[in-house]
Amino acid sequence: MTMSTLEPGSASAGRLLRYVDALREAFAQEMERDESVFVFGLDVDDHKSIQGSTAGLLQRFGPERVFTTPLSEDAMTGVAIGAAMAGMRPVHVHIRMDFLLLCMNQLVNIAAKARYMYGGTVKVPLVVRSMVGKSWGQGAQHSQGLHSMFMHVPGLKVVAPSNAHDAKGCMIAAIRDDNPVIVMEHRLLYPTEAYVPETAYEVLPGKARVVAPGGDATLVGISHMVVECLRARELLAEVGISAEVIDPIWLSPLDIATIVESARRTRRLVVADTGWTACGAGAEIVAAVLEQLGPEGGIAVKRIGFAPTTCPPSPPLEAAFYPNPGTVAAAVHALVRPKDAAWTPDPERAKLAHQVQFRGPF
Amino acid sequence: MTMSTLEPGSASAGRLLRYVDALREAFAQEMERDESVFVFGLDVDDHKSIQGSTAGLLQRFGPERVFTTPLSEDAMTGVAIGAAMAGMRPVHVHIRMDFLLLCMNQLVNIAAKARYMYGGTVKVPLVVRSMVGKSWGQGAQHSQGLHSMFMHVPGLKVVAPSNAHDAKGCMIAAIRDDNPVIVMEHRLLYPTEAYVPETAYEVLPGKARVVAPGGDATLVGISHMVVECLRARELLAEVGISAEVIDPIWLSPLDIATIVESARRTRRLVVADTGWTACGAGAEIVAAVLEQLGPEGGIAVKRIGFAPTTCPPSPPLEAAFYPNPGTVAAAVHALVRPKDAAWTPDPERAKLAHQVQFRGPF
Amino acid sequence: MEHHRRLYRTLRLIRVVEEEVARVYPTDVIKSPVHLSIGQEFIAAGVCDALEPRDHVSITYRGHAAYIAKGGDLNAMIAEMYGKKTGCCQGRGGSMHLIDMKAGVIGASAVVGTSIPVATGFALAARRRRTGGVVVCFIGDGATEEGCFAESLNFAALHRLPILFVCENNGYAIHEPLAKRWATDRLCERVATYGIPARRIGDGSVFTVRDAALEAVAAMRDGGGPAFLEILCCRWREHVGPNEDFDQGYRSADEKTPWAERDEVARLAARLPPAEVAAIETDILATVSAAFAFAEASPFPVTGDLHDHVHA
Amino acid sequence: MEHHRRLYRTLRLIRVVEEEVARVYPTDVIKSPVHLSIGQEFIAAGVCDALEPRDHVSITYRGHAAYIAKGGDLNAMIAEMYGKKTGCCQGRGGSMHLIDMKAGVIGASAVVGTSIPVATGFALAARRRRTGGVVVCFIGDGATEEGCFAESLNFAALHRLPILFVCENNGYAIHEPLAKRWATDRLCERVATYGIPARRIGDGSVFTVRDAALEAVAAMRDGGGPAFLEILCCRWREHVGPNEDFDQGYRSADEKTPWAERDEVARLAARLPPAEVAAIETDILATVSAAFAFAEASPFPVTGDLHDHVHA
Ligand SMILES: Cc1ncc(C[n+]2csc(CCOP(=O)(O)OP(=O)(O)O)c2C)c(N)n1
Ligand SMILES: Cc1ncc(C[n+]2csc(CCOP(=O)(O)OP(=O)(O)O)c2C)c(N)n1
Ligand SMILES: [Mg+2]
Ligand SMILES: [Mg+2]
């Protein structure tokens, strides 16, 4: 299926490519360009090659630059940090973001702090790839979007590309960045397509993208939720509400100015996240926008994300756990027309195409 | 020195006790009451006994219930979880909150989720004690307040007592709680005194405390920052600004209603935290208050916390890294009198007594 | 030989359940990934035969065999895989998080290795409460690479906890062979340096496994400390999912051949009177089809249940 | 014996620096906790004597000795402890995070053990870039209890990385003795099961240490994999801070006696011509007092520096 958030503007807009292939192209091009780039992590070199995102790299670059590891996420993260400090550019791959909880010490106590606590004498050009799993029984420990924990920590950068174009551009930017970058990919985005230039390019921190314009509410979607927000926007349009959808792309550093500008105009801000809301990215965005708007404040705000529970695999519970275009649209509607009766779009129409298709195995 | 936020109201108000001794009393009373309570973790049984907070417990309850461990924070956390699932009530002690980064997997992937993912068939009555270090060269890895990471995760409770009275009451409540509770203590609070009842009592989740009333601004202080907010309030009073100071005590679950009620009245909300602000407790409080206030919104907000850098040990840098009564007061002033010139209290007067006294070693 | 019959029944029950799971899997009634233990049943069956009700077992996401062998509720297991309210986790766990506290099955983690210290904590509690119970902690070969394995061994040995670690060494973590993960295969030797009796079993025999477990458990009940068994085995199916995967190129079907030839299920059947085998078979088929029918008939949880059990 | 003189100079330099740190400590000019290595100098001195400039060492928060022995800038070290802008971390590290990338000192962590995998990563880079360099990773006995130690050993051995792990076993982690932390003391035996040559040195001799390091490093430069040394030693001072602590009840002064009797600093001095010792002493005192004067005279960072170096 096609889910292109970036229309072809010119010849240089590239071909339609899947998110997973865009990632793979980023690795191949950067490994070609720079000898110091290497890709490692559990299962990067097997025939499944991380859902295909590392396919062919072993054959092309050899086992010194593409290799699996023992099940030792903590030490392997330290190894990546050391190699990065020594001048290499490791890309450390985790098939689930949940496993980063095993490496928090290395990421937060070492990677994030090394440059600062060593007085600027070292760099840690490290990329940590991690994937958020969703639906079909992923359950408690294979489903978490933990980006807000990393956004909390100075010294780390965090990026969550929502489409194939940004997947390639952000990954290349991350690899070239001299700092540790946590890349949050989303499993459900892997088959989605966008126009992707063939040559290497960077989608750099500092610029959020207004994905679709609107005047009644500002709708910020994170990662996969960008896609669901676009669908919510369509549903809202049918009842005469116009939502502006913004993709922050980079979560840290965060381009808050673009969101502030939009919210100042629409007076309503909804953040839809692929994670829990408490101390989440949505809390950060809401608080930062309101600090910047200052006394003029007075905008209505709402965060949407995972329900405040562990992720349950049973389908009816899972459906209630995750936000979806219908719940997003309903939340926007409630802010825009607070006096109206609550409105929820027809659940059938609110379903997302790629959401429905996905079925196991992992 | 005396820093009593709770005045003696009656005979039952107890004696003046230091924070550290209040903690110790809580352990002793609960261990006496319930055989299944035990206290373990690195160095709980040596002559320094975690700054004195576990002093005497070994002698009284023996090495089966009070013991040190190998340097294996990850596995020891799992051991605590298993023992808790099996019906014990472990109190697992870490002399620095920074070390919890070694146990994130066990805390987030197991402790927080066990009851939910096992369908309510188990309980995890676990207490994790951790201390925030501050000043005098603690530096990058011995200074972090990581409560917001835990507030993010459903299934965990988080508490940050700011005075001796709450230290005892919250610790007893945490030990009796059937869920995993992360207790964030603060090293600088250890010598501070408050009136503490002799008998056992619980300071339960669900009720924030209005520590001092005021009409111009709502000032929420977390952990140690409550003390600094009270000092800021005095400084503000001198220029005719009246700040209401609120101590949430429990951060998760959070009594947001008390804060909302105050902010609705004062129209200004400042949260002063002992941690970074991005996706921090302050972001959560600001966003939750604004969601609840709804369209009436229109209040001015500001978060204060660690500077967005790693903690540097050099004194001038450290002084700039931490918020203090002067910076808190200045922030409130800016919200209350946005058109006035910025005002900063005399730095000498803004210093905190116990802050000045503290000098190493650890 | 009463225990022969008992072992056969357990082995056969596990095999039939797993094959039924594999059979219905393509119909999408199972709402979780499944990690089958076909070919590895002799380990759980042999070890759990040495246990008593007061003992605990800690299992993995590849835990169907041990769950069944320890006497976990089969209806609740299948219902859990179907995502039903009657599941052992009320649909909140799925196949990777089976638990049955009544039967002494203390749960499973989908994060490899992380149940090792949790199991060690159960052993600490057993020691402290002087229940006389022991804990068996099942793990895969991959789990031994996680740091918490070494940390847990040291702690268990230091405190002489009653815990038997059982490593099911099937030679692979997903598709990665030992040679790409282990510097050497001197695992038992390493574990022994903690003062933990460690033994490697390579003959694939359920009886050898059972005897080793009996011996280890007896020593623990006498106040001995932890023990360790590394048991070689072969995973007959793909890592996750219902199919074989010898056509995927990462391993050859030859690896399975010797194991298939000495399949314990068939071997034990051949040594029992045919009538007895037939009776057991009838019984098992009834049990298993009842369990699937139970799962099928059970209701799903409803949306309103979502917020239950976040806190106790 | 040129290397005898060189070793003595290093030993004595470390001792004098540490004693000066202890002396000035009560005046509060040092803005960090200090973990002195007095009594343990022979390890860093012996090991680093086997190294070349292209080699790296990873140190701990008790890292003054190894920092100096590898040739780290002394002025920058003392200035760092004073919190000065001229410090090796510009006042952002403090005594627990010394680094001198020019001298091959790759930094220290205050979270015990966590520098082990980082050092292993440097060894991976050295292998990949074929620098011919090796890495020495200094750790305490306590650090071996952390899971990342086992994980790192396995990985280093699997990839045959050029890294020498040196465990300074002083018998304590803060005040906790080995007996409360280690199930057994068969550490070298355990490390050997990874295929890593492992040796325990108990004689306290800087020469024994140096010879063992030379041998290990030579093998690595020839393409050999990792090696391990466990070196027994005694911490003469308290865990953190400038004082002795034999009066605290957790250990007796007798523990120090044999070590003090064979103090390598005194022993090597006695074997050199007195005039040479005196010349070295003059030189060292000048160096050390210059370093403290440099630190004293250097400016503190200013508030405006706070946000530097968060990102590269
Ligand atoms: C900590 C962690 N890392 C990686 C994974 C992905 N993963 C799932 S199963 C598995 C293989 C584990 O192998 P082993 O322990 O030998 O068990 P087996 O599957 O062979 O029974 C891996 C790597 C995971 N679930 N958890
Ligand atoms: C992960 C971690 N746990 C606990 C501590 C507290 N701590 C600081 S030093 C130390 C002892 C370490 O002992 P060892 O490795 O033997 O080194 P030594 O101090 O004896 O040189 C401990 C437990 C810490 N800094 N980091
Ligand atoms: Mg395996
Ligand atoms: Mg030591």
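Here is the naming used below: chain letters follow the sequence lines, and residue numbers restart at 1 for every chain. Just so you know, these numbers use all the heavy atoms, side chains as well, and skip hydrogens, waters and symmetry mates. Just so we're clear, the structure is a prediction, and the values are computed from it rather than from any experiment.
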Say whether [X] and [Y], considering side chains only, have a donor N or O and an acceptor N or O under 3.5 Å apart.
| X | Y | answer |
| --- | --- | --- |
| D:Asp245 | D:His239 | no |
| B:Ser223 | B:Thr274 | no |
| B:Ser53 | B:Arg129 | yes |

Chain D neighbours within residues 69-78 of chain B, where any heavy atom lies under 4.5 Å away:
B:Thr69, B:Pro70, B:Leu71, B:Ser72, B:Glu73
Compute both the distance and the angle, then confirm whether D:Lys256 meets the cation-pi test with D:Phe246: under 6.0 Å from the six-membered ring centre, within 45 degrees of the axis.
no
May I ask you to check if D:Lys84 and D:Phe300 form a cation-pi contact, with NZ or CZ under 6.0 angstrom from the six-membered ring centre and within 45° of the axis?
yes
Let me know if [X] has heavy atoms under 4.5 Å from chain B in its side chain, its backbone, both or neither.
| X | result |
| --- | --- |
| D:Ser95 | neither |
| D:Val112 | side chain |
| D:Val302 | backbone |
| D:Leu178 | neither |

Do D:Tyr172 and D:Tyr250 have ring centroids that are under 6.0 Å from one another?
yes
B:Tyr190 ring center near B:His224 ring center (under 6.0 Å):
no
All ring pair (Phe, Tyr, Trp, His ring centres under 6.0 Å) counterparts of D:Phe292, not counting sequence neighbours:
none
Sequence neighbours excluded, the answer for ring pair (Phe, Tyr, Trp, His ring centres under 6.0 Å) partners of D:Phe122 is D:His56
Between [X] and chain D, with a heavy-atom cut-off of 4.5 Å, which part of the residue counts as in contact: side chain, backbone, both or neither?
| X | result |
| --- | --- |
| B:Asp98 | neither |
| B:Phe321 | both |
| B:Leu102 | side chain |

Between [options], which residue shows the highest count of heavy-atom pairs closer than 4.5 Å to chain B?
| options | answer |
| --- | --- |
| D:Val34, D:Ile174, D:Val111, D:Ile30 | D:Val111 |
| D:Gly147, D:Gly142, D:Gly249, D:Gly94 | D:Gly142 |
| D:Glu146, D:Met81, D:Lys31 | D:Glu146 |
| D:Gly91, D:Gly87, D:Gly83 | D:Gly91 |
| D:His175, D:Gln248, D:Lys180 | D:His175 |

Quick one, B:Phe38 with B:Phe67, criterion side chain to side chain contact (heavy atoms under 4.5 Å, CB included). Give me CA distance, side-chain angles, the key distance, then yes/no.
CA-CA 9 Å; B:Phe38 67 100; B:Phe67 55 94; 3.8 Å; yes
B:Tyr322 and B:Phe306 aromatic ring geometry - parallel, tilted or perpendicular at 30°/60° bounds
perpendicular
Measure the acute angle between the ring planes of B:Trp343 and B:His333, then classify it against the limits of 30° and 60° as parallel, tilted or perpendicular.
tilted
Criterion side-chain hydrogen bond (donor to acceptor under 3.5 Å, both in side chains) against D:Ser37, the qualifying member of D:Arg237, D:Arg62, D:Arg235, D:Glu18:
D:Glu18
Heavy-atom contacts under 4.5 Å, residues 303-312 of chain D to chain B
D:Thr303, D:Asp305, D:Leu306, D:His307, D:Val310
Side chains of B:Gln141 and B:Thr310: closer than 4.5 Å at any heavy-atom pair?
no
Evaluate whether atom NZ of B:Lys302 has more than 12 neighbouring non-hydrogen atoms of other residues, nucleotides or ligands under 6.0 angstrom away.
no
